[in-house]
Structures are given as C-alpha cells and as structure tokens.
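Take a look at the structure below.
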Amino acid sequence: MKVPVPAHIGSIVLVLPLLLAVLQTATAQKNGIQIYSLTVDSKVSSRFAHTVVTSRVVNRAEEAQEAIFEMELPKKAFITNFSMIIDGVTYPGNIKEKATAQKQYSEAVARGESAGLVKAIGRKMEQFQVSVSVAPAAKVTFELVYEELLKRHLGVYELLLKVRPQQVVKHLQMDIHIFEPQGISFLETESSFMTNELADALTVSQNKTKAHILFKPTLSQQQKSPGQQDTVLDGNFIVRYDVNRTLSGGSIQIANGYFVHYFAPEGLPTMPKNVVFVIDKSGSMSGRKIQQTREALIKILSDLGPKDQFNLITFSSEVTQWKPQLVPASTENVDEAKRYAAGIYALGGTNINEAMLTAVRRLKSDNQAELLSEGSVSLIILLTDGDPTVGETNPRKIQKNVQEAIDGQYSLFCLGFGFDVSYAFLEKMALDNGGLARRIYEDSDSALQLQDFYQEVANPLLTTVAFQYPSNAVEEVTQDNFRLLFKGSEMVVAGKLQDKSPDVLSAIVKGKMHKQNVTFQTKSSVAKQEEEFQSPKYIFHNFMERLWAYLTIQQQLEQMVSASEAESQVLKDRALNLSLEYNFVTPLTSMVVTKPEGQEQSQVAEKPVEDDNRHRNINTGIVSNSPQRFGARVADSTERLVQRGPPGDPFHFSHLQNMEDLVFSPPLLPSDPHKSLLHGMEIQNKGPVVTIAPPSAPIQAPPVLLTLPGPSMDRLCVNIKHSQEPMNLLSDPDQGIQVTGQYNTEKACFHWIEVTFKNPQVRVHASPEHVVVTRNRRNSAYKWKETLYSVLPGLKMTMNKTGLLMLSGPDKVTISLLSLDDPRKGLLLLLRDTDHFSSHVNGTLGQFYQDVLWETPEGADDNKRLLKVQGKDYSATRELKLDYQEGPPGKEISCWSVEL
C-alpha cells in the first residue's frame with residue numbers, strides 16, 4: 001500500500017482523524033525564498049495525536065525578503081508550541097492568559113501592525129500565520145506543534161495531510177506513527193494527487209498494534225516535468241483506521257500515573273427511536289437550500305428502521321404537523337412522508353419557538369397516550385437557517401422555554417444551515433437538552449452533510465451511561481455520565497491514579513438498552529499497561545497526562561455553554577489554569593509571538609470561536625493566497641493570464657501579452673442556429689490574426705464497452721435502446737460485485753451508475769455531478785476530474801484529471817466510469833479484466849460473460865455476426881468506436897456493436 005503526499009512550498013495540512021494542518025512557508029522560489037526542508041512528524045498514541053511541522057527556508061535573493069509561515073489546523077486541536085530560529089537565535093511563542101496577551105495585541109494594533117495570527121477558515125480548520133523578514137542568504141526554521149484527541153466518527157478515526165509546497169523540496173518527509181494497544185482492525189489510505197511515480201515514495205507498514213506511514217519523495221518524483229520547479233504535490237493524503245473491539249467494558253490504558261478508558265462495545269442491538277424532524281421552510285430557505293433539504297430528508301426517511309416512529313413538522317410564520325401523531329416507519333408511511341417532503345416549499349418568517357414547543361408537545365402527548373414503544377429513544381432534530389423573526393424572538397427566552405418543555409426527557413439536535421443563523425444560540429439549546437449542534441455549510445454537498453449527521457444519531461445503542469471506578473483508586477476524573485451512546489461513536493473517560501491505587505484498576509459501566517439495564521465490567525493491570533507504552537518511536541513524553549488535560553479542557557469549555565453564571569466561572573478558572581499549565585492555546589489563552597529587533601515586536605495568536613464567522617463569506621475550500629505568499633501561483637509580470645474555460649475549450653486563452661491591447665472581433669451570427677457563435681471568431685493582438693477553430697464534434701464512444709474474456713481481448717460495444725427504468729447491469733455473487741444504473745436513451749449514456757462491493761463493504765454512486773463513496777454509513781463526495789487514489793483492503797479506487805474513475809482489486813474485475821462533458825452530460829461504463837467473472841455472473845451486461853455462441857449469418861461478410869445469449873439472438877456489427885479505457889481523448893478501436 002503506497003500513497004504519497006504533496007509538497008508545495010506553501011501548505012501542509014495535517015489532520016489526525018480530523019486533524020488538518022496546512023503549512024505555507026514563504027513566497028515562491030522565483031521571489032527568493034526557497035524551502036529546502038519540510039517535515040511532518042505525527043505520533044498518534046492511543047488516539048491522541050501530537051504533530052510537529054518543521055519548515056526550513058533560505059533567502060536566495062540579494063535583498064531582504066518576507067517569509068510567511070502559514071498553516072491550517074483543526075478547530076478541535078490546541079497549538080502547544082511555536083518557534084522561529086533566525087541566525088541561531090530562537091524566538092518562541094509564549095502562551096498567556098487572554099487578557100494579558102490582549103494588552104500586547106492592542107498596543108500592536110495601535111502601532112498600525114496587523115497582530116492577529118489565527119482565524120477560522122473552511123469547515124474544520126483554523127489558519128495560523130506568521131511572517132518574518134529574512135536577510136540575504138539567511139536561513140529561518142519555523143516549528144509548530146499541536147495536539148488533538150482523535151474522535152471516532154461513523155466507525156473510523158481519520159488522519160488527513162494536505163501538502164502544497166508549490167516548488168520541489170530537497171528534503172520533504174512525512175512520518176506518521178500510530179500505536180493502538182487494542183490492535184488496529186483496519187487501515188486504509190487515500191490521496192488526491194497520486195501518480196504511479198509518487199506511489200513508490202510512500203510505504204505503509206503495519207502489525208497488530210502499530211502502523212508506520214512514511215512519505216519521502218525524491219526531487220524527480222516531485223517534478224511535473226524534468227528540470228522544472230513546479231511540483232505535482234497538490235492535494236490530500238488521508239489515513240483512516242479503527243481498532244479491535246469486543247462486547248465488554250471497553251479498554252483501560254494507563255501510563256505515567258494517568259488512565260484513559262475507551263468505551264464502544266461491539267454487537268449491541270440498535271434501540272428503536274422516535275424522531276420528530278422540525279424543518280425550517282421560511283423564505284430564506286428558498287432555492288438551493290430547500291432543494292437540498294428535500295433531497296436529504298427523502299434519503300433520511302429511507303434509512304428509518306422498521307421499529308422507528310416519526311413525524312414531520314415544518315415551520316415558517318406558522319407551524320404545520322404532517323400527521324396528528326407519530327407514525328410507524330412502515331413502507332407505506334415512509335413513501336407518503338417522502339411525497340410530503342418533496343412538496344415542501346419556502347415562504348414566510350421564522351417561528352422557531354412555536355415549532356420547537358409543538359415538537360415537544362407532540363412527543364409528550366404520544367408518550368402519555370402510550371403510543372411510543374417501551375424502551376425507545378426520543379429525538380428532536382431541528383434544521384434552520386436563520387434567527388427567529390416571528391412569535392417569541394428573544395433567543396434566551398426560546399432556550400428557556402425549550403429546556404423547560406423538554407425537561408430532560410428527550411435529546412435535541414440542532415443543525416444550522418449556513419452563516420445567517422446564530423450558532424451560539426443553537427449550540428446552547430442543544431447542549432441544554434442532551435444533544436449537540438452542527439453547522440451545515442452551503443455547498444454542493446449540503447444534502448450529504450445532512451445525511452451524514454443523521455447517520456451519526458440514527459442508531460442509539462445505550463442510554464443513561466455511567467462509569468464507576470473505585471474511590472480509592474482514581475481522582476480528577478473527566479465527565480463520567482453520558483445520555484446516549486450511538487453506533488460508530490466512542491465514549492472517553494480519563495483521570496489520575498491515586499498514589500496508593502491498587503495494582504489492578506477496575507471499572508463498571510452501567511446503561512440502559514431496549515427494555516433492560518445492562519452492566520459492563522473491565523479490569524486493567526497498572527504494571528502491564530505501563531510497560532505497553534515504552535516505545536519512544538511511537539510515544540511522546542507524558543502523552544497520557546496531556547490527553548487527560550486536553551479532554552478536561554474541552555469538556556469544561558463545552559459545559560460552560562449551558563452552565564449557570566457561577567458554575568461557568570468555576571469551569572472557566574479551571575480550564576484556564578490547565579491551559580496555562582500544559583501550554584495550550586485555547587479560547588481562554590493566547591500565544592504571543594516575538595520577533596527579531598527592528599521588526600514588529602509581537603503578534604498574538606488567539607483561538608477563534610464558531611460565531612466569529614457569522615455573516616462572513618467563508619470559503620469552504622482551499623485558501624487563496626496573495627502573490628507575496630508561499631503557495632500563490634503568480635504569472636510573470638510581463639504576462640497576463642486570461643482564461644474563459646478549461647484547456648481545449650474554445651474560450652481558453654493563456655499567457656496573452658498586454659490584455660488591454662486585445663481587440664475581439666465578433667463574428668457575424670451564423671445562419672444555422674445550431675452552429676457555434678465562435679465559428680470564425682478572430683482575436684487581434686496588434687499583430688497576426690489568430691483564428692479560433694470551431695469546436696470539434698462530440699466524441700463518439702459507446703455507453704458500454706465490455707472487454708471479452710480470452711486471449712483475443714476482443715471488445716463488445718453495447719447500445720441500449722429500450723430502457724428508462726433502473727437496470728441490473730451485472731451481478732456476480734462470487735466476486736461480491738453488483739452494478740446498477742439508469743440509462744438515458746436520448747443521450748445514449750447513463751443518468752447514474754451504482755457499484756456495490758461486498759468485501760470491503762463499499763458503495764460507489766456516480767452521477768454527472770459527482771461520485772459519492774459510502775462506507776460504514778459514511779459518505780465521501782468527489783468531483784469529477786479531481787485526482788483520487790484510495791487503497792482499501794481488497795479494493796483500489798483511482799480517478800485522474802480526465803475524469804476516469806477506476807475500481808479494481810486483486811482478482812477483481814476492473815470497473816471504469818467516465819463522466820462526459822456537454823452536450824451528452826452523462827456516464828459511460830467500461831469493463832476489463834473480465835476473466836475474473838465467475839460462472840454465476842448475471843444481469844443485462846453480465847449475460848455476455850455466460851456461454852455465448854458466435855455465428856456468421858448466411859451470406860454475411862466478416863463484419864457481421866449473430867450472438868446467441870441465454871436463448872436470445874443479438875446482431876453484432878464491426879464498427880469503429882472510441883475507447884476511453886485510458887480516459888479522454890480516447891483511441892479509435894474496432895469492436896462488435898450490439899443493441900439491446
């Protein structure tokens with residue numbers, strides 16, 4: 001398993017399970033600043049990730065230049081250290097109480113200096129940036145350290161590295177060491193920049209409890225072409241893993257006088273649930289938001305379990321209930337609810353208060369009438385995109401009303417769509433009532449975000465979970481009572497061992513399953529556990545103690561949201577003291593960065609809070625850098641880059657001199673309205689006339705290309721003439737593969753194609769818009785023509801810049817999908833390595849891999865054949881077609897063309 005990580009002088013993003021760090025270190029080499037070493041060292045010890053990013057730069061120019069260290073890290077991560085080494089002198093970052101650091105910040109602002117170093121960016125990251133002036137030939141070393149406890153999400157921990165050094169780097173290396181005493185159950189990698197050459201630069205080694213990922217590309221492997229400084233390293237590198245689990249009290253791990261207890265038992269049945277969906281349909285939800293909400297709601301309704309009950313409440317100025325009571329999630333009721341959801345439209349104001357109270361009354365009324373099944377879990381899921389404007393509009397009053405109405409009986413989950421809603425308002429309302437809040441970002445994948453959130457709460461396993469430890473064994477224990485445990489998540493408790501604690505630490509975990517109380521027990525030997533954590537390569541100093549401090553601070557910051565004023569102050573004081581003691585940049589502390597004399601003397605790094613982003617235009621993708629920063633692509637000053645479309649498009653021009661001198665001579669309107677208006681267009685550049693050729697005719701390729709088994713490697717081009725309904729294209733139970741799709745006969749391509757694998761359990765759903773890969777109820781969306789290289793146990797998924805998606809594996813048939821550009825705008829299906837099909841393959845296309853008889857009709861030439869397949873006769877004709885097996889522009893081949 002080999003997958004690389006990009007080097008781009010400017011950005012490295014590292015996310016340990018959700019830990020994302022981007023390093024941008026200076027202007028491009030043409031501006032004098034060269035990065036000659038870039039390293040990332042991550043140690044993940046028992047889910048706690050400690051990451052060190054080190055960048056070394058040199059100024060090759062003959063005058064002083066500005067070097068910028070810019071990085072993105074996860075919002076949940078805490079920076080623990082930053083330093084610059086200039087001319088042998090170390091300039092550290094000092095972490096102080098926020099009020100103290102704020103004074104220095106204010107003085108810097110008063111001097112006209114831009115002192116803020118950290119800002120929220122994108123969905124999960126914060127951006128850290130420091131700049132420093134570098135003398136000619138001088139070198140600077142930047143080092144940043146941050147830590148995070150990896151959170152289990154839908155059954156996996158995730159480590160993501162995004163690298164964009166924007167130039168080749170002599171020494172570029174990434175080391176990730178993972179140590180999990182429970183044992184690593186699976187490990188998979190994914191990259192968005194992989195090439196065959198780079199695959200050799202990455203190695204993944206793994207045993208029962210440890211994994212090591214090393215990425216170390218040579219200069220030649222990094223280059224786009226020989227002798228150039230442009231690098232191919234530009235994208236994501238992701239590692240996903242999980243650990244072994246049993247139906248027990250979990251795993252207790254002990255080191256240096258501290259312990260952590262992970263609890264996520266396997267094999268528990270899902271509890272039936274009662275769900276009330278409260279959907280905002282006010283005027284601000286109109287357009288794409290309501291369309292995506294309808295799409296997600298219809299999919300979510302399909303995922304309700306047969307023992308679940310549900311209802312829909314929509315609201316704008318008025319509140320409407322779909323049904324007078326919750327109804328069972330029968331096929332009939334779900335289908336009716338889907339039709340109702342499809343008809344939701346947006347209009348009016350926002351009456352959140354009345355909508356929420358209606359939902360609570362509905363659950364209470366049905367519970368009193370004994371309509372809710374015994375031992376079931378009741379959830380309210382609110383989706384809104386704005387602040388209240390009708391009825392009760394005071395946020396605090398609404399929060400009070402909802403908390404009093406729920407009275408600890410139900411869990412509330414709040415989804416804020418976009419940035420026009422107060423996230424702090426929704427977060428407090430959710431945390432007050434045993435749930436959580438989540439922001440849904442306005443983007444092409446908003447519907448998937450909604451579906452993924454539902455999957456997180458779709459399968460409750462336990463309620464009222466309590467952890468108990470001997471009173472003479474532990475102290476200063478983190479939160480040990482939880483309202484709900486969901487499938488795919490994990491509960492974490494940490495604490496200190498007392499000086500005279502027993503040799504064996506025991507724990508009891510109690511909770512409620514459907515109609516019964518359950519108790520789990522587990523024990524752990526202190527001496528044996530201490531011995532486990534002795535490998536310095538995989539362990540960093542005092543990691544268990546720092547894990548405890550990190551978890552304690554995170555929980556206290558969360559508890560402050562719903563605590564009383566007096567309780568909140570106590571929590572704040574303790575979290576502040578721990579932040580200072582363990583050198584964490586948290587919302588209560590700041591880091592003051594010192595610089596050499598003569599430069600601005602102090603910059604301050606503060607951790608942003610979620611609502612700081614409100615009403616801003618937040619970019620959910622990659623940061624755009626100014627030309628002075630490392631990471632920007634800057635055209636030569638004598639050139640202007642004009643682009644109106646992708647290369648190959650008739651509107652695409654590049655590197656045109658002096659754009660203001662260009663004169664466009666529009667052509668006369670063509671007499672034939674079907675002809676392109678570009679036909680005959682001329683561009684005058686005070687010199688020779690450049691004529692843009694008319695666009696070529698659409699490339700003709702068969703919608704289905706089947707490579708036939710056997711030594712001849714002949715091919716069958718299949719055209720489908722009579723199908724509009726979803727089709728079973730092929731199914732092979734021995735291969736564990738099923739392919740379905742819906743065909744568009746007018747465009748001669750597919751609306752969508754879905755490929756399902758049994759081992760590993762993966763579903764790939766392709767549409768002209770994007771590819772969605774689903775594994776363990778977790779969706780990942782990829783746009784066509786984005787490079788993808790994903791290696792799972794038994795399956796490899798790759799996509800190149802031409803938009804060719806290939807699904808392959810050892811002893812598996814290779815399935816390729818291609819998204820066509822206009823005018824067809826659909827999908828093609830291509831198969832090869834078909835000798836791996838078993839004798840049990842079937843389906844519309846699978847039939848051609850059964851016993852096929854080829855006959856030459858009487859009097860026919862060599863270009864005609866008759867195929868006899870499972871009692872049916874098909875005429876086959878030799879024709880020239882385009883083969884896209886290697887992607888566009890394709891190559892001309894001869895194949896047997898068959899119509900179905």
Side-chain angles (χ1 to χ4, degrees), residues 194-197 199 648 696-720 729-730 732 735 737 739-741 743 747-750 752-755 757 764 766-768 771 773 782-791 795-821 824-837 841 843-849 852 876-900:
M194 179 60 66
T195 64
N196 290 331
E197 291 75 16
S696 58
I699 297 174
Q700 293 301 316
V704 179
L705 180 63
L706 309 179
T707 303
L708 298 176
S712 68
M713 295 295 288
D714 214 340
R715 282 157 289 201
L716 202 64
C717 294
V718 181
N719 293 294
I720 302 170
L729 297 172
L730 66 87
D732 189 337
Q735 280 270 300
I737 294 175
V739 182
T740 56
Y743 191 75
K747 292 185 176 181
C749 54
F750 288 92
W752 57 263
I753 297 174
E754 187 166 283
V755 184
F757 296 91
V764 180
S767 67
V771 177
V773 178
Y782 306 95
K783 294 179 181 177
W784 291 101
K785 299 186 179 180
E786 286 185 348
T787 306
L788 169 67
Y789 193 98
S790 177
V791 180
L795 178 65
K796 183 166 75 172
M797 296 183 289
T798 65
M799 181 161 58
N800 59 26
K801 298 288 187 184
T802 68
L804 181 69
L805 174 68
M806 295 180 63
L807 311 171
S808 61
D811 301 321
K812 275 190 171 68
V813 175
T814 296
I815 301 171
S816 298
L817 307 176
L818 180 69
S819 177
L820 296 170
D821 292 328
R824 290 169 77 179
K825 203 68 178 172
L827 304 174
L828 302 184
L829 172 65
L830 309 100
L831 301 182
R832 65 184 184 191
D833 302 321
T834 52
D835 53 325
H836 292 309
F837 275 130
V841 64
T844 303
L845 304 178
Q847 64 179 327
F848 293 104
Y849 295 96
V852 179
T877 305
R878 269 288 183 194
E879 293 183 359
L880 292 177
K881 296 285 186 179
L882 277 181
D883 178 6
Y884 279 151
Q885 292 278 14
E886 304 301 328
K891 64 180 180 180
E892 202 173 76
I893 62 163
S894 172
C895 68
W896 291 104
S897 185
V898 173
E899 286 189 2
L900 301 184

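Count residues from 1 along the sequence.
- Considering NE2 of H836 and CD of Q735, their distance stands at 7.0 Å, rounded to 0.5 Å.
- Atom CG of L829 is separated from atom CZ of F750 by 5.5 Å, given to the nearest 0.5 angstrom.
- Among residues two or more places apart in sequence or in another chain, the side-chain hydrogen bond (donor to acceptor under 3.5 Å, both in side chains) test is passed with E754 by H765.
- Judged as a side-chain hydrogen bond (donor to acceptor under 3.5 Å, both in side chains), the pairs with a partner in residues 795-807 (not counting sequence neighbours) are, in order, N800-T802.
- R878 and S894 share a donor-acceptor pair across their side chains, judged by distance under 3.5 Å alone.
- Nearest heavy atoms, L882 versus G890: CD2-C, 4.2 Å.
- Across L706 and L845, no two heavy atoms sit closer than the pair CD1-O, 4.2 Å.
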Check against side-chain contact (heavy atoms from CB on, under 4.5 Å), Q885 and T707: CA-CA 10 Å; Q885 292 278 14; T707 303; 3.7 Å; yes
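- Residues T834 and F848 have side chains not in contact (no heavy-atom distance under 4.5 Å, counting atoms from C-beta outward).
- For Y743 against I720, the heavy-atom pair with the smallest separation is CE2-O, 2.9 Å.
- For the pair W784 and L805, the minimum side-chain heavy-atom distance is below 4.5 Å.
- To the nearest 0.5 angstrom, L830 atom CG is 10.0 Å from Y884 atom OH.
- For the atom pair CG (D883) and SG (C717), the distance works out to 8.0 Å, reported to the nearest 0.5 Å.
- The structure places CG of L807 at 10.5 Å from CE of M799, a figure rounded to the nearest 0.5 Å.
- The two atoms that bring P768 and G826 nearest to each other are CG-CA, 4.0 Å, heavy atoms only.
- Rounding to the nearest 0.5 Å places NZ of K812 at 12.0 Å from CG of D833.
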Residues I893, L705; criterion side-chain contact (heavy atoms from CB on, under 4.5 Å); working and verdict: CA-CA 11 Å; I893 62 163; L705 180 63; 4.1 Å; yes
Steps toward side-chain contact (heavy atoms from CB on, under 4.5 Å) verdict (L730, L831): CA-CA 11 Å; L730 66 87; L831 301 182; 3.5 Å; yes
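- For the side-chain contact (heavy atoms from CB on, under 4.5 Å) test with L804, the passing option among L817, L818, L828 is L818; the others fail.
- Between A748 and P703 the shortest heavy-atom distance is O-CB, 3.5 Å.
- The closest side-chain heavy-atom distance from W896 to T877 is not below 4.5 Å.
- Taking both residues in full, the closest heavy atoms of S808 and T814 are given as CB-OG1, 3.6 Å, listed atom of the first, atom of the second, then distance.
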